[in-house]
Amino acid sequence: MSPSIIAPRLSGNILGSIASAFVVAEWRDAGGPAGPPRLIAPRHLHHSDDEAWYALEGTLRVQVGNDEVEVGAGCGVFVPRGTPHTYWNPGPGPVRYLLVMTSNIFRLIQEIHAMAERTPASLQAVFRKYDSELL
């Protein structure tokens with residue numbers, strides 16, 4: 001029997017890779033002033049991929065289709081493929097959450113973060129590349 005291995009903290013890292021079936025990432029949003037939602041991701045949908053969020057602390061608000069779901073610490077929400085969605089931190093305080101996604105969505109996010117310019121046309125093209133649609 002091999003000795004026990006202590007897993008590193010997930011904070012700021014991911015479990016899985018672009019070669020994995022799914023990826024789990026811990027992310028956070030610092031919060032901000034009251035007003036219109038500060039979307040963490042623009043409204044979009046994935047044609048072939050499901051996605052889920054699990055709040056560790058604070059609150060997320062997730063628009064799933066036409067419904068808004070408040071996701072407090074210890075709660076999660078699942079968005080099935082083909083469903084328009086977006087999410088944001090509705091409050092002034094921080095939120096920390098897990099994003100559970102397919103490796104396809106993870107590749108999409110990585111490419112968006114690597115873009116030098118995020119014009120509407122370039123974002124549309126990247127979303128299409130990953131069988132997703134920016135709405």
Side-chain angles (χ1 to χ4, degrees):
M1 179 177 247
S2 63
S4 296
I5 298 173
I6 297 174
R9 294 181 59 88
L10 182 59
S11 182
N13 296 303
I14 62 158
L15 292 175
S17 71
I18 59 173
S20 304
F22 69 92
V23 177
V24 178
E26 180 184 329
W27 286 342
R28 54 185 75 227
D29 181 82
R38 294 170 294 96
L39 302 181
I40 295 170
R43 194 165 185 267
H44 62 281
L45 64 85
H46 307 289
H47 294 288
S48 304
D49 301 291
D50 301 325
E51 196 170 14
W53 292 261
Y54 182 84
L56 298 169
E57 66 181 59
T59 301
L60 270 179
R61 181 119 347 120
V62 181
Q63 183 181 35
V64 182
N66 292 322
D67 298 320
E68 283 187 15
V69 179
E70 188 165 291
V71 185
C75 299
V77 63
F78 175 81
V79 176
R81 67 194 73 183
T83 305
H85 61 282
T86 185
Y87 65 105
W88 63 95
N89 178 351
V95 63
R96 192 168 57 95
Y97 59 96
L98 298 178
L99 177 56
V100 182
M101 63 196 130
T102 64
S103 58
N104 188 55
I105 294 173
F106 180 59
R107 286 190 300 272
L108 166 65
I109 292 168
Q110 283 187 311
E111 191 161 332
I112 290 169
H113 288 179
M115 294 173 74
E117 272 191 69
R118 295 182 192 172
T119 65
S122 64
L123 284 169
Q124 287 283 5
V126 170
F127 271 81
R128 277 192 302 273
K129 178 178 175 182
Y130 294 97
D131 198 26
S132 298
E133 188 176 338
L134 187 59
L135 303 172

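Among all heavy-atom pairs drawn from Thr86 and Leu39, the shortest one is OG1-CD2, 3.6 Å. Nearest heavy atoms, Ser132 versus His46: OG-ND1, 2.7 Å. The two residues Arg118 and His113 have their closest heavy-atom pair at NH2-CA, 3.4 Å.
To the nearest 0.5 Å, the span separating CH2 on Trp53 from CG on Leu60 amounts to 9.0 Å. Interatomic distance, His44 NE2 to Glu133 CD, rounded to the nearest 0.5 Å: 11.0 Å. Between the CZ atom in Arg107 and the OG1 atom in Thr102 there is a gap of 7.5 Å [rounded to 0.5 Å]. In this structure, CG on Asp131 lies 10.0 Å from CD1 on Ile105, to the nearest 0.5 angstrom. Note: Arg96 CZ to Tyr54 OH = 10.5 Å, rounded to the nearest 0.5 Å. Note: Leu56 CG to Glu26 CD = 5.5 Å, rounded to the nearest 0.5 Å.
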* To do: Any chance you could lay out the side chain to side chain contact (heavy atoms under 4.5 Å, CB included) test for Tyr97 and Val62, step after step, and finish with the verdict?
  => CA-CA 12 Å; Tyr97 59 96; Val62 181; over 6 Å; no
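Hydrophobic clustering, with ILVMFWY side chains joined whenever heavy atoms are under 4.5 angstrom apart, keeps Leu45 apart from Ile109. Cluster membership check: Met101 does not share its hydrophobic cluster with Trp88, using side-chain heavy-atom separations under 4.5 Å among Ile, Leu, Val, Met, Phe, Trp and Tyr.
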Hey, can you pull the donor-acceptor pairs under 3.5 Å for the side chains in residues 63-73, sequence neighbours left out?
from	atom 1	to	atom 2	distance (Å)
Gln63	OE1	Arg43	NE	3.4
Glu70	OE1	Arg61	NH2	2.4

Using a 3.5 Å cut-off and no angle test, enumerate the donor-acceptor pairs between side-chain atoms of residues 75-84 and protein atoms at least two apart in sequence or in another chain.
from	atom 1	to	atom 2	distance (Å)
Arg81	NE	Asp50	OD1	3.2
Arg81	NH2	Asp50	OD2	3.0
Thr83	OG1	Pro80	O	3.0

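Clustering of Ile, Leu, Val, Met, Phe, Trp and Tyr side chains at separations under 4.5 Å places Leu134 together with Leu108, Ile112, Met115, Leu123, Val126, Phe127, Tyr130.
The neighbour count for Glu117 CD, taken as heavy atoms of other residues, nucleotides or ligands under 6.0 Å away, does not exceed 12.
In this structure, Tyr87 and Val95 have side chains that are not in contact, with every pair of non-hydrogen atoms separated by 4.5 Å or more.
Proximity of a side-chain donor or acceptor of Ser20 to a complementary backbone N or O of Val23 within less than 3.5 Å is not detected.
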